[in-house]
Each structure stands twice: as C-alpha cells, then as structure tokens.
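Excluded from the calculations below are hydrogen atoms, water molecules and symmetry mates; all remaining heavy atoms, backbone and side chain alike, are included.
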Amino acid sequence: MDLYTVRKKLNMGESLTGIHLRVTDYARVSTDADEQKKSLKNQVEHFEQYIKQNPNWTYIPGYVDDGITGTSDIKRDNFMQMIEDAHLGKFDLIVTKEISRFSRNTLDSIKYTRELLSLGVAVLFVNDNINTAMPDAELRLTIMASMAQDEIRRLSERVKFGMNRAIERGEILGNDMLYGYKKNKDTGVLIIIEEEAEIVRKIYELYAVDELSLSKVAKTLNNEGLRTYQNKKWCVSTISRMIENPKYKGYYCAKKSEIVDYMTKKVKYFEKDDWILYEDKKRIPPIIDDSLWERANARLTSRKVAFHSRKKDKSLYKNRYLYSAKIYCKDHNTIFHRREFRKNKKDITWVCSLYLKNGKAACDSPNIRELEITTIFKNLISIFQIDKNYIIQILMDYYHFLNVEENLNSEIDCVEKEINSLYAKKDKLLEFSLDGSISNHEFCKRNNFYNKKLELAKMNLNELYKNIKSKKMVIDKEQTLREILKQKVSSSETDEKIISLLLDHIVVSKVDNKKENMNLDVFLSYSKNSTEKRLTPILKRTYEFRRGYDVKGTKRYKVIYHVNCFFI
C-alpha cells in the first residue's frame, strides 16, 4: 500500500472500499466454549463475505486464533504468522472486528499497528470505526485499547473478589473434574463416585503401602486398562497431585495460589502453612483415611527432598553435551534427548523425549542428526562473520608483549639458588660427620635426603632450560606461532565453544507433515537490540543433506532443514 496516496484519496472523500487493495482478516476468541466457537465461525464468514463482495478488494485468506487470550501476542501463532506475512508484502489491509480481538494489551496494539503501517499495511477495526491509515487513528486507538485493557483488569479483579468471598463462605471451588467425586450443583457438596474412588484408594495403597514409585504406579494402572478423565493414560504428575490433595481425606483446601498480574498471568504459589485448610467431612466425604493420606504424603515429601538433592549433584549433566537441554519439540514443548544411531555408533541423533517414552503415536517430530545441525551452525558462524583472524591477532599482540624469557630466567635463578643451598648443606653435614658431631647412620640418612632434593631440583632446572629454548624458537618464528594459533582457533573444539555461547535453544517441527522436511527455529543469545526479540527471523536459510549408509537395506533420502534465526 502507498500510504501517501491512500491518505490523499481518503482526505478527498473517497471511501476505503473504493481503493484497490489486497485485504485479509483476523479473528480470535479467547475460550473453547461452544458459544465462542460459534462466534468465531460467524466472524470468519462475515469478514470473508464482507471482503469478497467489494469489487475493488482482492481477498487474501484470513488468520484465526481459536481459544487463545488476547493479552499475550507470543502465544497467538496465527497472529504472529500474519505479522510475518505482512513483512513479506502479502496484503495491504487487515480487517478485524474490534481492538479487543486484535489485542487487549495497549502497548501491543500500538506496537503492531505501527509496525504494520511502516510496512504499508493498515488495520480496519470495524466496530470501533478506526482505520490506522488515517493520521488521527493512533490517538483513538490508544484510548480504545486502554479501555479494552482496563476491562480485562476489572474482570480479573471481579473474579478474584468473588473467589475470596466464596472462600470466606467455605464454598468448594473448582469444576466437576476432581477424580473420585462429582459436585452437587445445588448444594455444592461433593459426592463420591465409588468406581473412581476405588482407583483412588488403589493409588494410595500402591504408593504408601506397596511403596511403588510414582512411575510404577502409573504403569500399573495403565497396564490394567484403567484411565483418567477423557480416557487419558495416568502419568506421574497426575498421581502426585492426587496424593497431595487434602480433599481426599475430607479437608477443605483453598488459597493454594493466586494470579499476581492479570497481564503476565504470573502465579504466586503459597507455602502449605499459608493455605486455608480445615476438616470438612460433611461436605467433602473422605475417600482415604487420615493415617494413609499422611503416610503417602510423608513418603512423597521425603522422596522429593531426595530427588532435589540428587538433582543438585547432577546439575553438571545438564551441559554434558553441546546441545543438552537446548533442543525442544514445538508440538509438545518437550526436550530432545541424545541417542546413538543404531547402524553407526558415531552418528548421534537428538530425539523428542515424549517419542522415546511413548513411541511415535505420542510424538512424530523428526529426529535431528547432530552432525547436520553442527554443520549448519558452522555455516551460521561464517554468516555472522565471527572473525577468527581478529582473535589470532589479539593473541599475537599478547605474545609480543609477553616477555617469556624474563619470566623463565627468574624461575631459573630461584632453582639455581636452591641447588647451591643444598650443596652448602651437604658440605656442612660432612663437617659434622668428620668431627664426630653426628653418627654415620645420621649422616647417611640426611645425605640421602639432600641428594634426592638435588636430583629433583636439577631435573626442574633442565626442564626450564628446555622451555626457554623452545619458547625462544616459537617467538622468533612468528609465522610458525601464527599457524599454531590458526589451527587452535579453527579447531572443532573452538567452533563448539562458539556454538555453546551463541545458542540459546532450538525449536523443532515438521514442514508439510513430512519427517524429511523439517523446520528449525534457532534462538541466539544476543541482547544488543531488545526490539528484535522473537519477532521476525533475522536470518532464513535452507540446507539439504543426503542421508544413508553403505549398509544393506539402508534407505537413502534427502533431508531439508528450514532454518529461521531469532535474536533473544
């Protein structure tokens, strides 16, 4: 869009619909509720029809975020994709329902509309009647965005106030998803579901009485075909939360946490001593007796303490390998683990931990070959122009100023003085022996002691003379020294250190649902300009690798990496 021409036409009275533009739309709802999904569908259909019915506009398929809050832009994948496509010049105008659909964060609203306008893309907020192509749009946008943000604040405060009053009245909070119970909607009293309660009792007994680990308890339940809500498998975190929940022994429990800030959604978790906790077996009938609950929690607490103690001891293992704790699966936000490729022990792969645990059905993210990503990084090092010759020159300057010979001569003087002192002591010892001051046995003992010290001192002196000779040769031959430094700086060890310092983390995903075609979002540790943080890639590259080995039955195929680099 030519912003100058568009503004001129609008000021002359021409409507926005009379200008030839490529137009897309953005729609969002903040929950997965059925009525919200219906609203989203209506938004999408309405704007598509609204754009297509205008003969001067070319429809560009829109962007939709379903069930995602508007207070955070990073979590809205399609919104961020829309911003990236704007950088690629795919459209001139974005149509959206209102400012609260675009963002409920005032700063984000202004930031993104400014960024889009700098790219020649305007935003039309239909219900608010704001067109950012107009000069007065930012003032109106600031006012309306502030109102939308303040509505979120007031809603958050109303919810918090209501919850605190409900706690004061002793109302049982939460939905109807506490395993083993269902809530009477009229009285608010919990009612035991006996079929589920039996599984709850089984969990406590397996853990507290049989002393199985949490993972073995989960495995036992899953092997017996028992399931949680929505037919999901049992996992360690679910069982741990159940064991810690005081409701299972008939206690009212509230105020375990609180949202500190409605914008960041930061949660403050309170210590157990600060919880509102008291016995209420009339409205919360116990499934577990007090003694079994206490026994299970005592064991859980002790094992957690032991685990964190071991974790501290094993903290060094986090950085055991170059890419340890730095590769993540985009679909599940799980970490990749290092594995040796079966057909070639020297070829290392990095695999999603969820895949390793539960197989391909749980996660089909592509495996990453270490050799391939290291090759990619070496290429990135050259692209970012990390000047190794500059490093060499710094070291050369250092060696020019370093007076190696003077330091070595000082050490030689010290050793020679020590040798002369030992000879003097031997002479004195001989005099004592000749005048009968010491026995022959004492003389031999002390003389042997001095001889050993002399032998060590002479060996040290010879080593120092060798060092001064060799270092003189190196310093005299500057070109030889430069070549040695060049080898060191260009070594694979140096490249790995650069990668380790430069790389923050990598996010892995498939492209076009093909494991041979993968996307790497590479986040680099670089804080020179915070405005570049995770917004758009500072570099995009495509790399191709041929896989396959000279082994019978091994498949040969081409792998394509799409690499996007971000500063963080």
Side-chain angles (χ1 to χ4, degrees), residues 1-3 6-7 9-11 13-31 36 39-54 56-66 68-73 75-76 78-87 90-155 263:
M1 173 194 289
D2 182 351
L3 187 61
V6 169
R7 280 182 174 172
K9 288 181 178 180
L10 292 173
N11 288 330
E14 190 170 342
S15 68
L16 192 64
T17 55
I19 303 173
H20 292 284
L21 298 170
R22 296 167 299 159
V23 185
T24 188
D25 65 277
Y26 177 72
R28 178 188 64 81
V29 292
S30 57
T31 71
Q36 288 276 288
S39 170
L40 181 64
K41 183 181 178 183
N42 291 337
Q43 284 185 57
V44 173
E45 291 178 351
H46 170 75
F47 286 125
E48 184 175 348
Q49 184 180 359
Y50 174 70
I51 296 169
K52 285 183 175 179
Q53 71 183 9
N54 189 335
N56 294 314
W57 286 359
T58 301
Y59 175 69
I60 306 297
Y63 302 83
V64 177
D65 281 313
D66 187 0
I68 300 174
T69 177
T71 56
S72 174
D73 56 298
K75 294 180 180 179
R76 296 186 284 158
N78 287 320
F79 180 86
M80 298 310 296
Q81 183 62 51
M82 179 179 71
I83 299 297
E84 288 194 19
D85 288 347
H87 279 265
K90 291 187 177 182
F91 44 78
D92 306 306
L93 178 67
I94 301 169
V95 177
T96 190
K97 183 180 177 182
E98 55 194 14
I99 292 170
S100 63
R101 297 301 92 197
F102 199 70
S103 178
R104 283 183 170 173
N105 184 318
T106 305
L107 293 177
D108 283 345
S109 296
I110 296 170
K111 179 181 75 172
Y112 287 117
T113 52
R114 280 180 179 175
E115 182 181 348
L116 290 166
L117 210 57
S118 71
L119 300 170
V121 178
V123 183
L124 176 62
F125 300 99
V126 177
N127 288 6
D128 301 308
N129 194 25
I130 296 176
N131 174 11
T132 61
M134 299 301 292
D136 66 340
E138 186 164 307
L139 173 62
R140 297 171 61 202
L141 178 66
T142 303
I143 295 169
M144 298 299 292
S146 297
M147 292 173 63
Q149 179 174 317
D150 194 58
E151 174 59 27
I152 292 291
R153 179 191 62 79
R154 286 186 282 119
L155 177 61
M263 291 296 293

- Y50 and F47 aromatic ring geometry - parallel, tilted or perpendicular at 30°/60° bounds: perpendicular
- Message: Could you check whether any side-chain heavy atom of K97 comes within less than 4.5 Å of a side-chain heavy atom of V126, counting everything from C-beta outward?
- Response: no
- Which atoms form the tightest heavy-atom contact between A133 and V6, and what is the distance? CB-CG1, 4.4 Å
- Item | With D136 via side-chain contact (heavy atoms from CB on, under 4.5 Å) - residues at least two apart | M134, R140
- Query: side chain to side chain contact (heavy atoms under 4.5 Å, CB included) between Q81 and D85: does it pass, once the steps are laid out?
  - Reply: CA-CA 6 Å; Q81 183 62 51; D85 288 347; 3.0 Å; yes
- Item | Ion pair E115/K111, N-O distance below 4.0 Å | no
- Item | Qualifying residue, where the test is side chain to side chain contact (heavy atoms under 4.5 Å, CB included) with F125 and the options are N131, T113, V95 | T113
- Task: Kindly indicate, with the supporting measurements, whether the criterion side chain to side chain contact (heavy atoms under 4.5 Å, CB included) is fulfilled by M82 and F91.
- Result: CA-CA 10 Å; M82 179 179 71; F91 44 78; 3.8 Å; yes
- Item | side-chain contact (heavy atoms from CB on, under 4.5 Å) involving N78 - partner list, sequence neighbours excluded | Y63, D65
- Query: Under 3.5 Å, is there a donor-acceptor pair between the side chain of N127 and the main chain of E98?
  - Reply: no
- Using the test side-chain hydrogen bond (donor to acceptor under 3.5 Å, both in side chains), find all partners of E45 that sit at least two apart in sequence or belong to another chain. none
- Message: I'd like to know if the side chain of D128 and the backbone of I130 have a donor-acceptor N/O pair within less than 3.5 Å.
- Response: no
- Please confirm whether the backbone N or O of P61 pairs with a side-chain atom of T24, one donor and one acceptor, at under 3.5 Å? yes
- Query: Any sub-3.5 Å donor-acceptor pair from T132's side-chain atoms to V123's backbone N or O?
  - Reply: yes
- Message: Tell me every residue that passes side-chain hydrogen bond (donor to acceptor under 3.5 Å, both in side chains) with S15, counting only those two or more places apart in sequence or in another chain.
- Response: T17
- Message: K9: which residues meet the salt bridge (Lys or Arg N to Asp or Glu O under 4.0 Å) condition with it, sequence neighbours left out?
- Response: none
- Listed by chain and number, what are the ring pair (Phe, Tyr, Trp, His ring centres under 6.0 Å) partners of Y26, not counting sequence neighbours? F79
- Query: Taking all non-hydrogen atoms of both residues, which atom of V44 and which atom of A27 are closest, and how far apart?
  - Reply: CG2-CB, 4.2 Å
- Item | Partner set under side-chain contact (heavy atoms from CB on, under 4.5 Å) for Q49, not counting sequence neighbours | Q53
- Between L116 and I94, which heavy-atom pair has the shortest distance, and what is it? CD1-CD1, 3.8 Å
- Task: Find out whether I19 and L93 are in side-chain contact, i.e. whether some heavy atom of one side chain is under 4.5 Å from a heavy atom of the other.
- Result: no
- Task: Look at the side chain of R22 and the backbone N and O of Y59, then say whether any donor-acceptor pair between them is shorter than 3.5 Å.
- Result: no
- Task: Working to the nearest 0.5 Å, report the span between CG of L119 and CG of D92.
- Result: 11.5 Å
- Query: Can you list the residues that meet the side-chain hydrogen bond (donor to acceptor under 3.5 Å, both in side chains) rule with T58, with sequence neighbours excluded?
  - Reply: none
- Note on the structure: Sorted by chain and residue number, the salt bridge (Lys or Arg N to Asp or Glu O under 4.0 Å) partners of R114 (sequence neighbours excluded) come out as E138
- Determine the minimum heavy-atom distance between W57 and L16, stating which atoms define it. NE1-O, 3.3 Å
